Peer 1: 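Starting off with a structure, shown below.
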There are 2 protein chains.
Amino acid sequence: MKKQEHILIIGAGLCGSLLALRMAQRGYKISLMEKRPDLRKESVDSGRSINLAFSNRGMKGLRLAGLENKVAPLCIPMKGRLIHSENGGQFMSPYSGRDREHINSISREDLNIMLLDECDKMRGITMYFNQKCTDVAIETATASFQDYLTGEIKVYEADVIMGADGVGSSLRKSMLDDRKFLFSYGQDFLTHGYKELSFPPDKNGGYLTEKNALHIWPRGKDMMIALPNLDGSFTVTLFLSWEEGTYSFKTLDNKKAILDYFQKEFPDALPLMPNLIEEFNDNPTSPLGTIKCSPWHAYGKVLLLGDAAHGIVPFYGQGMNAAFEDIVVLDKAMNKFPGDWNAAFRAFQAERKEDTDAIADLAVDNFHEMKAHTASAIFQEKRKLEIAFEKEFPNEYFSKYALVTFREDLRYSEAMRRGRVQDKAILNLIYDKKITKGQSLRQQLDLVMAETRKMLHDDAVVRGMETE
Amino acid sequence: MKKQEHILIIGAGLCGSLLALRMAQRGYKISLMEKRPDLRKESVDSGRSINLAFSNRGMKGLRLAGLENKVAPLCIPMKGRLIHSENGGQFMSPYSGRDREHINSISREDLNIMLLDECDKMRGITMYFNQKCTDVAIETATASFQDYLTGEIKVYEADVIMGADGVGSSLRKSMLDDRKFLFSYGQDFLTHGYKELSFPPDKNGGYLTEKNALHIWPRGKDMMIALPNLDGSFTVTLFLSWEEGTYSFKTLDNKKAILDYFQKEFPDALPLMPNLIEEFNDNPTSPLGTIKCSPWHAYGKVLLLGDAAHGIVPFYGQGMNAAFEDIVVLDKAMNKFPGDWNAAFRAFQAERKEDTDAIADLAVDNFHEMKAHTASAIFQEKRKLEIAFEKEFPNEYFSKYALVTFREDLRYSEAMRRGRVQDKAILNLIYDKKITKGQSLRQQLDLVMAETRKMLHDDAVVRGMETE
């Protein structure tokens, strides 16, 4: 019998802990190394967002590890965007015309605890906390860790090292510093940063505003959002320019400026924020960046997954979902090349890189869509039409949002290609008044489908798919 | 009278020396620091390509500094691509249907020497050679240099530091390492590397093959090109995958493999390469990368220009041209904000970044076009049609190549937007057989123009330019 191989996983966050579970299920011996304390014992201020959007692609990953039922109690369904207009009005823009389709607000901590508990129950996983990775020797799959409590540095050898250590990945840093191979790398920051605030629960632990929605206050250049938590509170996030424009994190440097800004831009939210000034001053302002890199692997010895391989901005709610889907794609590649890490890693990246590049770009697009377009007339008309299509022809029409979020059978890259062209077709048909009130919904859908097909054909000819 | 301000320029290559000249003409005191020896005294093996394509945008920069006439004697006009087919045949694909439009092969060294000689003649410029920049303190515009010959480290203070120190820019590195501001940065390598080879002159100092062309051997996955030099030789560059596919720099590791490959892929070139094996083994294999970053400036104290701000792959022949055009754009921004470095730097980047991002992307596109599409039937049909349009309607039609290369009045970003859509329109009209032999050239042009307008409109609606 072949000796049991040892995988060292850096990072016991959402991606690392699910990865550890799945790799242990496949029969490997796992060392799961975490920089922070065990969050089941100590409250950990991770500096990362408190709640996340969980949806179909993430579920695919949990299903692979047999955890589909464990996650349900943690989820708060969000049926759509609840748009808060500048004039104080509000309206619901559903995520889908199909009843079963929604996304979920989930607590990062609750989900991570569930995954760590499952790791505890699983044979073959050893967890180490307070272990900061200081260096990875890539060719030999050897990593050094410093214990935060004792200061001691220890070197671990493994057959394979997997980096699930997030946007600040130490494995990725070691790969970037390695002069023996060309490493493409990009860090791209938005002009905006973000700050977390909150709406507390009401006196009875209920919700101060609609629970089953993702609230958005789109203000053109900036925006605020709110997601519900199980305890009745909402996590509120303000996305604002660092230093450009009338309002920025630079200009909001005193109580009066902050209150004036919220009074002017978010008058309906302000009464729900009794701790606004305190939170604004105490909570950090964090950057929003996209990380892309390549290769994700080297020598069949190391592999990056999740945010470590592809850090994306949060505006499509796909960061964790993409990380969990990575594990599904990796699992398939390992099935295809059993016992050959190098081939499996190559196949994984060959299939997956195009897709994570796509969701990274879609997430940046969605930043602009959320802060500006959700408030525009033509965009609202488009969304109304799309929801009507999805209700009436649920098996025929899928909006870009639905393709990306709910069609977990489709690759992100394909969802992007089709979704972008479909958006272009529908926006132009509305703008050019080719879609009119006199038409039946069927006729309107046929127009959109035909224009989408024409545009996809035009693009395909250029890509040379049909020419050579 | 205001004190004369002192600009320290890092790098006395093509960009740095022209920048020094222009800034001295504007009345500043200039220290021009160069890592290498004075190439007028010592032959410098720069590791960079020997000859370059010089065209309209580069000329704009030289004209600004009054050097338009100095460059003419250094130029060898190239009228088009001379395509060498796999079957041994060859044909000329002109760069333009307008007689006056061509690009030029120019020696990097000759051009640099001309510029350094002009710097010598110019009051206010002091040049320092063998000075390696070891660190820049950004907030105080202070830079440390180590003298290669003496080992001595000296610190220079300036009012402003400009980094024209190329893709490996030490100023950019200092900005990336500075934790006080967010620095977006990307290095993106192609899967291919390159190696320089040569055709020697014939016995009489003449040319072994057509002088006034850029020779291309497109082979789908890889390619070779050749540019003429004044001495009758050609600089030949092989672009080949590092390690993927049947042929790669990895597999070409012995004399037989190299000869077999050239015999199979470039049989008409092989007889012109008596020193092939020697050159192949002695010359380095170099990477091809795109560098993007932002911001290019900080605190009104430092500024990146040229390759240091935007390293691009060589396939559009626009690296030096873009760097020289940078100087024109900076010059205009300084006119707009006299005495305010910070405002001038911001205005410079605000106008220019979109354009250098565009030429970076166009250059990568052109890699694929050159190695694969130039050999394809539909592409050749398109080029034939475009050249006919340009001949017959010289003021109405400009191909993407012409928009980028010859229309120095247009921004790169606009040339890209228009050029890409026009390519898409024309390729689709050919593919869908809407352009037919029975039509007059006028009718064909009208079809292309109408389809281009329609597609530009569709794109504009999505960008929201016409919707909000």
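We name chains A, B, ... by the order of the sequence lines, and we start the count at 1 in each one. In this text, all values refer to a predicted model and were calculated from it rather than measured experimentally.
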Peer 1: Please state whether the side chain, the backbone, both or neither of B:Ile426 comes within less than 4.5 Å of a heavy atom of chain A.
Peer 2: neither
Peer 1: Can you tell which part of B:Lys382 gets under 4.5 Å to a heavy atom of chain A, answering side chain, backbone, both or neither?
Peer 2: neither
Peer 1: So, for A:Asp307 and A:Val167, which heavy atoms are closest and what is the spacing to 0.1 Å?
Peer 2: CB-N, 3.7 Å
Peer 1: For the aromatic rings, using the six-membered ring if either is Trp, is the centroid distance between B:His192 and B:Phe367 under 6.0 Å?
Peer 2: yes
Peer 1: Any idea which of A:Asp459, A:Thr290, A:Asp458 has the most non-hydrogen atom pairs under 4.5 angstrom with chain B?
Peer 2: A:Asp458
Peer 1: Angle between ring planes, B:Tyr185 versus B:Phe183, binned at 30° and 60°: parallel, tilted or perpendicular?
Peer 2: parallel
Peer 1: Below 4.5 Å from any heavy atom of chain B, which atoms of A:Leu176 appear? Answer side chain, backbone, both or neither.
Peer 2: side chain
Peer 1: Between A:Arg420 and A:Asp423, is the side-chain contact (heavy atoms from CB on, under 4.5 Å) condition met? List the steps.
Peer 2: CA-CA 5 Å; A:Arg420 281 185 172 173; A:Asp423 275 0; 5.7 Å; no
